[in-house]
Amino acid sequence: MQIATWNVNSIKTRLELLLRWLDEAKPDLVCLQEIKCVDEAFPRAEIEAAGYNVAVHGQKSYNGVAILSRHPLEDVHVRLGGDEQDEHARFIEAVVSTEAGVVRLGGLYLPNGNPADTPKYGYKLAWMERLRAHAAERLAHEEIFVLAGDFNVIPAAEDAKRPAAWVHDALFLPETRAAWRRLLALGMTDAVRACDDAAGLFTFWDYQAGAWQKNDGIRIDHLLLSPQAADRLVGVRIDKHVRAWERPSDHVPVVAELAL
DNA sequence: ATGTCATATCTAATATGA
């Protein structure tokens with residue numbers, strides 16, 4: 001089973017690219033971020049026609065997440081606990097059942113947090129603590145559980161072409177990386193790093209300043225696996241070629257293959 | 001390099017977020 005995450009930066013603008021990539025990659029489960037539309041505007045029919053079931057948690061203009069699945073989606077939940085005032089559409093979770101087992105998948109769009117000297121950074125750190133608490137609860141069930149999405153976290157220096165450029169950025173500040181390590185400390189496995197410790201594995205290249213042409217990228221889109229999921233990890237792939245397609249997202253898909 | 005892209009709004013230039 002292939003489980004993927006992709007920040008598409010507007011589903012309306014990226015629908016043709018998404019359909020092309022689904023046809024090419026044939027993932028079983030896909031978490032999408034930054035769909036930037038309300039539920040009613042999501043191109044559900046086109047994606048269902050491609051063979052996917054759809055669960056959407058949208059919002060006008062900003063944020064918005066969705067899960068696509070070749071299998072029926074059950075037990076869909078949206079929003080993280082811990083802040084009833086939080087209106088951002090950043091989290092969706094669903095369960096799929098296959099012959100080989102049950103998978104619980106959480107798709108997330110973690111707050112960017114910049115500028116880091118504003119309340120936006122406090123919101124990011126608070127959101128990461130809410131995610132940690134949620135993951136701790138899910139891990140207690142000792143099931144196949146995957147958190148996939150745009151974490152807006154550069155875990156380590158080798159995850160950036162120019163780490164020095166990011167030292168004061170909310171994606172790379174020590175507090176951000178400490179919160180990331182607290183997620184790992186629960187017992188979750190970074191799927192990419194479980195398979196490949198090479199430097200220069202990037203998932204995002206800014207639209208500005210020729211970042212793509214210079215391979216000036218960062219790794220911020222991740223899949224975190226429960227022990228039961230990590231036991232089944234076969235491999236990972238970053239579909240970097242998608243960044244060279246016409247009118248691309250600034251992020252590319254990341255795919256984990258589980259033996260399921 | 002002040003470098004891009006997508007959204008919304010008093011449809012044209014600007015504000016916002018990333």
Side-chain angles (χ1 to χ4, degrees), chain A residues 5-21 31-43 46-47 56-66 83 85-92 107-128 131 148-155 159-173 175-177 179-180 202-222 239-254:
Chain A
T5 178
W6 189 12
N7 180 326
V8 291
N9 186 15
S10 171
I11 189 64
K12 287 183 226 173
T13 301
R14 228 62 70 190
L15 179 59
E16 293 309 312
L17 287 196
L18 173 66
L19 294 173
R20 177 177 170 188
W21 177 73
C31 295
L32 299 178
Q33 301 89 40
E34 282 204 89
I35 62 171
K36 294 187 174 180
C37 67
V38 295
D39 294 5
E40 299 73 35
F42 191 86
E46 293 89 336
I47 291 170
V56 188
H57 178 37
Q59 175 183 343
K60 189 179 180 183
S61 308
Y62 306 118
N63 310 316
V65 288
D83 183 356
Q85 317 301 328
D86 186 358
E87 298 292 325
H88 292 197
R90 296 183 177 274
F91 189 80
I92 186 168
L108 63 102
Y109 176 47
L110 207 146
N112 176 294
N114 283 304
D117 60 354
T118 69
K120 290 176 182 244
Y121 191 53
Y123 173 63
K124 175 177 193 156
L125 293 178
W127 205 95
M128 292 185 81
L131 180 64
D150 176 358
F151 282 69
N152 270 313
V153 174
I154 303 168
D159 297 310
K161 176 72 171 288
R162 297 182 301 121
W166 298 92
V167 291
H168 300 301
D169 193 284
L171 279 60
F172 194 53
L173 282 170
E175 297 94 321
T176 304
R177 296 159 64 190
W180 167 260
F202 305 138
T203 65
F204 169 92
W205 296 260
D206 201 288
Y207 288 122
Q208 297 190 66
W212 166 246
Q213 287 74 16
K214 293 187 277 195
N215 193 29
D216 184 7
I218 52 178
R219 188 174 74 94
I220 56 176
D221 300 274
H222 307 297
D239 279 346
K240 185 175 179 176
H241 64 288
V242 171
R243 187 64 176 77
W245 287 356
E246 193 174 344
R247 290 251 284 166
S249 171
D250 39 7
H251 299 250
V252 297
V254 183

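The sequence lines fix the lettering, A, B, ..., with proteins before strands; numbering per chain opens at 1.
Rounded to whole angstrom, the span from the CG atom of A:Leu171 across to the C1' atom of B:dA18 amounts to 10 Å. A:Gln59 places its CD atom 17 Å from the P atom of B:dT16, with the value rounded to the nearest Å. Across the protein-nucleic acid pair, A:Asp216 atom CG and B:dA1 atom C1' stand 13 Å apart, rounded to whole Å. Between A:Lys124 atom NZ and B:dG17 atom C1' there is a gap of 14 Å when expressed in whole angstrom units. Separating the CG atom of A:Asn63 from the P atom of B:dA18 is a distance of 7 Å, rounded to the nearest angstrom. For A:Tyr109 and B:dG17, the OH to P distance is 11 Å, given to the nearest whole Å. Going from atom CZ of A:Arg162 over to atom C1' of B:dA1 covers 12 Å, rounded to whole Å.
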Note to self: Let's go through A:Tyr123 and A:His88 carefully: what are the C-alpha distance in whole Å and the side-chain angles of both, what is the deciding distance for side chain to side chain contact (heavy atoms under 4.5 Å, CB included) to 0.1 Å, and is it a yes or a no?
What the structure shows: CA-CA 11 Å; A:Tyr123 173 63; A:His88 292 197; 3.2 Å; yes

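B:dT4 and B:dT11 have their P atoms separated by 26 Å, with the value rounded to a whole Å. The gap from the C1' atom of B:dC10 to that of B:dA15 amounts to 14 Å, rounded to the nearest Å. Look at the C1' atom in both B:dT2 and B:dT9: the space between them is 25 Å, to the nearest Å. Taking atom P on both B:dA18 and B:dA12, the two are 29 Å apart, rounded to the nearest angstrom. B:dA8 and B:dG3 have their C1' atoms separated by 24 Å, given to the nearest Å. B:dA13 and B:dG17 are spaced 23 Å apart, taking the P atom of each and rounding to whole Å.
With A:Phe151 as the fixed residue, the side chain to side chain contact (heavy atoms under 4.5 Å, CB included) test singles out one of A:Leu131, A:Asp221, A:Ile220, A:Leu171: A:Leu131.
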Check: If the sugar-phosphate is the primed atoms plus P, OP1 and OP2 and the base is the rest, what is the B/S/- string for nucleotides 3-13 of chain B, using protein heavy atoms under 4.0 Å?
Finding: BBSSSSS----

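Applying the ring pair (Phe, Tyr, Trp, His ring centres under 6.0 Å) rule to A:Phe91 yields the partners A:His134; only residues at least two apart in sequence or on another chain are considered. Partners of A:His57 according to the ring pair (Phe, Tyr, Trp, His ring centres under 6.0 Å) rule, which considers only residues two or more places apart in sequence or in another chain, do not exist here. Residues satisfying the ring pair (Phe, Tyr, Trp, His ring centres under 6.0 Å) test with A:Phe204, not counting sequence neighbours, are A:His251. Residues satisfying the ring pair (Phe, Tyr, Trp, His ring centres under 6.0 Å) test with A:Trp21, not counting sequence neighbours, are A:Trp6.
For residues 159-173 of chain A, the set of pairs meeting the salt bridge (Lys or Arg N to Asp or Glu O under 4.0 Å) definition, not counting sequence neighbours, comprises A:Asp159-A:Arg193, A:Asp159-A:Arg219, A:Arg162-A:Asp216.
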